[in-house]
Amino acid sequence: MSLSNVLEFSPAQSDVANTFFSNKLSFETDCSDVYGDIKSGNNNYILFDVRSAEAYEKSHAITALSMPHANITQESFAQFDKQTVFVVYCWGPGCNGATKAAKKISALGFAVKEMIGGIHYWEDFERYPVNRYQANAQV
């Protein structure tokens, strides 16, 4: 009789699990929550697409602004009030660009969350609206 793969490591005590999952949610959000905020007019954070400017131009989540993670510096963020909250995304689960961006933004003293799933989940799985670069539209 083999041990369960799932239960090879015992589940955490409920209070430990609650703390872990509460902390996890303070670091991330998802496409559904962001889109729900957009639909209801909640604009109490700035949504940044942290991929390259070229990728942003091709397709990006509605309301997102372009801020490639390589451009995140003290100088580029001097324009923002320290109370500003940011939500960042990149390509998807296989990309750590949003994590790099969130690390940089938090090091500058701002609150930030990562939108898990990135543009891949936003556009391809959830089918939420995107802005596309119209000049090179396929005919």
Side-chain angles (χ1 to χ4, degrees):
M1 184 165 148
S2 65
L3 291 175
S4 164
N5 290 326
V6 171
L7 298 177
E8 180 179 354
F9 299 96
S10 298
Q13 295 295 318
S14 62
D15 60 331
V16 173
N18 182 268
T19 299
F20 170 82
F21 290 116
S22 295
N23 287 336
K24 184 176 180 181
L25 289 170
S26 70
F27 295 110
E28 63 188 30
T29 188
D30 66 11
C31 300
S32 178
D33 290 342
V34 172
Y35 186 58
D37 278 350
I38 292 169
K39 287 193 319 184
S40 64
N42 292 336
N43 59 355
N44 48 3
Y45 53 85
I46 295 174
L47 179 62
F48 273 152
D49 182 321
V50 299
R51 301 172 301 147
S52 69
E54 295 79 19
Y56 174 86
E57 285 297 323
K58 182 178 176 186
S59 174
H60 59 270
I62 58 171
T63 77
L65 303 176
S66 179
M67 177 59 76
H69 71 81
N71 296 348
I72 296 171
T73 64
Q74 188 169 353
E75 293 76 24
S76 66
F77 272 65
Q79 64 183 307
F80 300 110
D81 182 275
K82 284 293 188 180
Q83 300 306 307
T84 305
V85 175
F86 297 94
V87 173
V88 297
Y89 71 87
C90 61
W91 287 105
C95 174
N96 68 0
T99 303
K100 290 176 181 177
K103 180 183 180 304
K104 289 180 179 180
I105 293 169
S106 63
L108 294 173
F110 293 94
V112 60
K113 286 189 168 197
E114 182 176 357
M115 184 180 82
I116 58 174
I119 193 67
H120 180 56
Y121 275 60
W122 181 279
E123 186 171 8
D124 297 333
F125 290 117
E126 299 293 348
R127 300 285 190 202
Y128 293 145
V130 295
N131 291 324
R132 295 186 186 279
Y133 187 58
Q134 298 299 312
N136 292 336
Q138 294 179 355
V139 186

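Atom set for the values below is all heavy atoms of this structure, side chains included, hydrogens, waters and symmetry mates excluded.
Checked by atom type and distance alone, the side chain of Asp30 pairs as donor or acceptor with a backbone atom of Asp33 at under 3.5 Å.
Considering all non-hydrogen atoms of both residues, Ser106 and Lys103 come closest at OG-O, 3.0 Å. Between Cys31 and Gly118, the shortest heavy-atom distance links the atoms SG-O, 3.8 Å. Of all non-hydrogen atoms in Val50 and Ala101, the two that sit nearest each other are CG1-CB, 3.6 Å. Taking both residues in full, the closest heavy atoms of Cys90 and Ala98 are given as SG-N, 3.4 Å, listed atom of the first, atom of the second, then distance.
Residues satisfying the side-chain contact (heavy atoms from CB on, under 4.5 Å) test with Asn5, not counting sequence neighbours, are none. Every side-chain contact (heavy atoms from CB on, under 4.5 Å) that Asn71 has, sequence neighbours left out, goes to Met67, Pro68. Checked against side chain to side chain donor-acceptor pair (under 3.5 Å), Ser40 has the following partners two or more places apart in sequence or in another chain: Asn42. Evaluation of the side-chain contact (heavy atoms from CB on, under 4.5 Å) rule for Ala17 yields Ala12, Phe21 as partners, not counting sequence neighbours. Scanning for ring-ring contact (aromatic ring centres under 6.0 Å, His included) contacts around Tyr56 gives His60, with sequence neighbours left out. By the ring-ring contact (aromatic ring centres under 6.0 Å, His included) test, His120 pairs with Phe125, sequence neighbours left out.
Its side chain outside the 4.5 Å cluster rule for every partner, Phe27 clusters with none of the Ile, Leu, Val, Met, Phe, Trp and Tyr residues. Leu25 belongs to no hydrophobic cluster, as no Ile, Leu, Val, Met, Phe, Trp or Tyr side chain comes under 4.5 Å of its own. Val34 forms part of a hydrophobic cluster together with Tyr35, Ile38, Tyr45, Leu47, Ile62, Val85, Val87, Tyr89, Trp91, Met115, Ile119, Trp122, Tyr128, Val130, judged by ILVMFWY side-chain heavy-atom separations under 4.5 Å. Cluster partners of Phe9: none. The rule joins Ile, Leu, Val, Met, Phe, Trp and Tyr whenever side-chain heavy atoms lie under 4.5 Å apart, and it links nothing here.
Within 6.0 Å of the CD atom in Gln79, the count of heavy atoms belonging to other residues, nucleotides or ligands exceeds 12. The environment of NZ in Lys82 is crowded: more than 12 heavy-atom neighbours from other residues, nucleotides or ligands sit within 6.0 Å.
Among pairs with a residue in residues 113-125, those fulfilling salt bridge (Lys or Arg N to Asp or Glu O under 4.0 Å) read Glu123-Arg132, at least two apart in sequence or across chains. Identified under the salt bridge (Lys or Arg N to Asp or Glu O under 4.0 Å) test for residues 35-53, with sequence neighbours left out: Asp49-Arg51.
Note: Phe110 CZ to Thr84 OG1 = 6.0 Å, rounded to the nearest 0.5 Å. Taken to the nearest 0.5 Å, the OG1 atom of Thr73 stands 7.5 Å off from the CG atom of Leu108. Atom NE2 of His69 sits about 6.5 Å away from atom SG of Cys95, to the nearest 0.5 Å.
When hydrophobic clusters are built by joining Ile, Leu, Val, Met, Phe, Trp and Tyr residues whose side-chain heavy atoms come closer than 4.5 Å, directly or via intermediates, Val88 is not grouped with Ile116.
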Exercise for the section: Output, in order, the C-alpha distance, side-chain angles, deciding distance and verdict of side-chain contact (heavy atoms from CB on, under 4.5 Å) for Thr19 and Val16. Expected result: CA-CA 5 Å; Thr19 299; Val16 173; 5.9 Å; no
